[in-house]
Amino acid sequence: MNIHANARPTLNLLRLPHGQDIELPAYETKGAAGMDLRAAVDDGAPMVLESGKRALVPTGLIFEIPEGFEGQIRPRSGLAFKNGITCLNTPGTIDSDYRGEVKVLLVNLGDEPFEITRGMRIAQMVIAPVTQARVAEISETSTTARGAGGFGSTGV
Ligand SMILES: O=c1ccn([C@H]2C[C@H](O)[C@@H](COP(=O)(O)OP(=O)(O)OP(=O)(O)O)O2)c(=O)[nH]1
Ligand SMILES: [Mg+2]
């Protein structure tokens, strides 16, 4: 039994006209972290992503991410490995107050053109909790062992 079953937040979504027959985002396995998102491109006109180019791919869906959460749009590793297709802005951020169509910014880092067909699973979305911090300006920082060391300061 999933002990978190009752704690699962609900993702409301609205289909746009061009998303009508697209399968809804779904977790492909019981323990999947992300739900796969599908391309709502024209049936008769697949989108061709040339090598080195990027494109915003429509999902045909508007989400209401529950308050206190975000949607993280991440690449699918299979597309990345086989075709060099990834999300340019990964992880893309879907804000809980966004009410526009969710789009996936794909880039083709492979050598061949890539055809995106209607209903193709192009990316995945992870619903993750978000903390909004308060911002407080200070005049000096506390002291730590690390100090300003970074970018490899602890060695390899
Ligand atoms: O891959 C993505 C990333 C973002 N968005 C939408 C939802 C998100 O809530 C909104 C704004 O995203 P972000 O804050 O990353 O972009 P921005 O360049 O800062 O735009 P804005 O000024 O609208 O916040 O764009 C997508 O549909 N797909
Ligand atoms: Mg922003």
Side-chain angles (χ1 to χ4, degrees), residues 1-137 150-152:
M1 199 190 106
N2 181 351
I3 57 166
H4 301 300
N6 296 327
R8 285 174 70 158
T10 301
L11 175 68
N12 293 329
L13 52 81
L14 181 79
R15 282 180 196 265
L16 293 164
H18 60 284
Q20 281 312 319
D21 56 343
I22 299 282
E23 270 187 56
L24 293 185
Y27 297 102
E28 294 295 321
T29 64
K30 189 163 175 285
M35 51 179 89
D36 284 351
L37 302 178
R38 295 175 180 270
V41 296
D42 278 359
D43 216 356
M47 188 183 265
V48 177
L49 198 49
E50 300 291 339
S51 172
K53 299 294 183 193
R54 62 182 182 268
L56 263 186
V57 185
T59 63
L61 300 171
I62 296 176
F63 294 158
E64 283 184 357
I65 306 277
E67 241 185 277
F69 293 86
E70 62 160 332
Q72 298 177 353
I73 308 284
R74 304 184 188 177
R76 293 188 66 210
S77 58
L79 288 181
F81 179 58
K82 290 178 206 153
N83 306 101
I85 299 296
T86 189
C87 298
L88 182 57
N89 58 333
T90 188
T93 305
I94 310 300
D95 300 291
S96 66
D97 58 355
Y98 178 64
R99 295 294 177 271
E101 179 179 11
V102 169
K103 295 183 178 173
V104 177
L105 181 52
L106 290 182
V107 61
N108 183 354
L109 302 181
D111 300 324
E112 303 295 328
F114 183 76
E115 196 178 83
I116 301 163
T117 53
R118 186 171 181 79
M120 177 182 271
R121 288 179 291 143
I122 47 167
Q124 59 188 316
M125 181 173 73
V126 171
I127 302 292
V130 160
T131 301
Q132 276 190 344
R134 281 182 302 113
V135 174
E137 189 175 359
F151 309 98

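When a residue number appears, it is its place in the shown sequence, counting from 1.
Under a 3.5 Å cut-off, the side chain of Thr86 and the backbone N or O of Ala80 do not form any donor-acceptor pair. The closest donor-acceptor contact from the side chain of Glu101 to the backbone of Leu16 lies at 3.5 Å or more, if one exists at all. A distance-only check finds a donor-acceptor pair linking the side chain of Arg118 to the backbone of Val41 [under 3.5 Å]. Checked by atom type and distance alone, the side chain of Ser96 never pairs as donor or acceptor with a backbone atom of Glu70 at under 3.5 Å. Of the possible polar contacts, none joining the Asn108 side chain to the Lys53 backbone as a donor-acceptor pair under 3.5 Å is found. Looking at Thr59, its side chain does come within 3.5 Å of a backbone N or O of Leu61 through a donor-acceptor pair. Between the Asp42 side chain and the Pro46 main chain, no donor and acceptor come within less than 3.5 Å of each other.
Atom CZ of Phe81 sits in a sparse spot, with 12 or fewer heavy atoms from other residues, nucleotides or ligands closer than 6.0 Å. Heavy-atom contacts from other residues, nucleotides or ligands closer than 6.0 Å to CD of Glu28 number more than 12. Atom CZ of Arg54 has 12 or fewer heavy atoms from other residues, nucleotides or ligands within 6.0 Å. Other residues, nucleotides and ligands contribute more than 12 heavy atoms inside 6.0 Å of the CD atom of Gln20.
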Stepwise side chain to side chain contact (heavy atoms under 4.5 Å, CB included) check, Val126 with Arg74: CA-CA 8 Å; Val126 171; Arg74 304 184 188 177; 3.6 Å; yes

Full working for side chain to side chain contact (heavy atoms under 4.5 Å, CB included) between Thr10 and Glu64: CA-CA 9 Å; Thr10 301; Glu64 283 184 357; over 6 Å; no

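Thr117 is not listed as a side-chain neighbour of Asp43, based on a closest heavy-atom distance of 4.5 Å or more. Inter-residue side-chain proximity for Val104 and Cys87 is flagged as met; some heavy-atom pair is nearer than 4.5 Å. A heavy-atom distance below 4.5 Å is not found between the side chains of Leu13 and Ile62. Looking at Glu50 and Val48, their side chains come closer than 4.5 Å, going by heavy atoms from C-beta outward.
To the nearest 0.5 Å, atom CG of residue Leu109 and atom CZ of residue Phe114 are 12.5 Å apart. One distance of note links CD of Glu23 with CZ of Arg38; it measures 4.0 Å at 0.5 Å rounding. In this structure, Gln72 CD and Ile65 CD1 are separated by 10.0 Å, a value rounded to the nearest 0.5 Å. Taken from CG in Leu105 to OG1 in Thr90, the straight-line distance is 10.0 Å, to the nearest 0.5 Å. To the nearest 0.5 Å, atom CG of residue Leu56 and atom CG of residue Asn89 are 8.5 Å apart. Distance CD1/Ile85 to CG/Leu106: 6.5 Å, rounded to 0.5 Å.
Leu11 and Met125 make their closest contact through CD2-CE, 3.9 Å (heavy atoms, listed as atom of the first residue, atom of the second, distance). In terms of heavy-atom proximity, Ala55 sits nearest to Leu49 at CB-CD1, 3.7 Å. In plain terms, the two heavy atoms of Pro25 and Met35 that are nearest each other are CB-SD, 3.6 Å. Here the closest heavy-atom approach between residue Ile22 and residue Ala39 is recorded as CD1-O, 3.4 Å. His18 and Gly60 make their closest contact through NE2-CA, 3.5 Å (heavy atoms, listed as atom of the first residue, atom of the second, distance). Heavy atoms only, all atoms of each residue included: Gln124 and Pro75 are closest at NE2-O, 3.0 Å.
Exactly one of Ile127, Asp95, Leu37 qualifies for a side-chain contact (heavy atoms from CB on, under 4.5 Å) with Phe63. That residue is Leu37.
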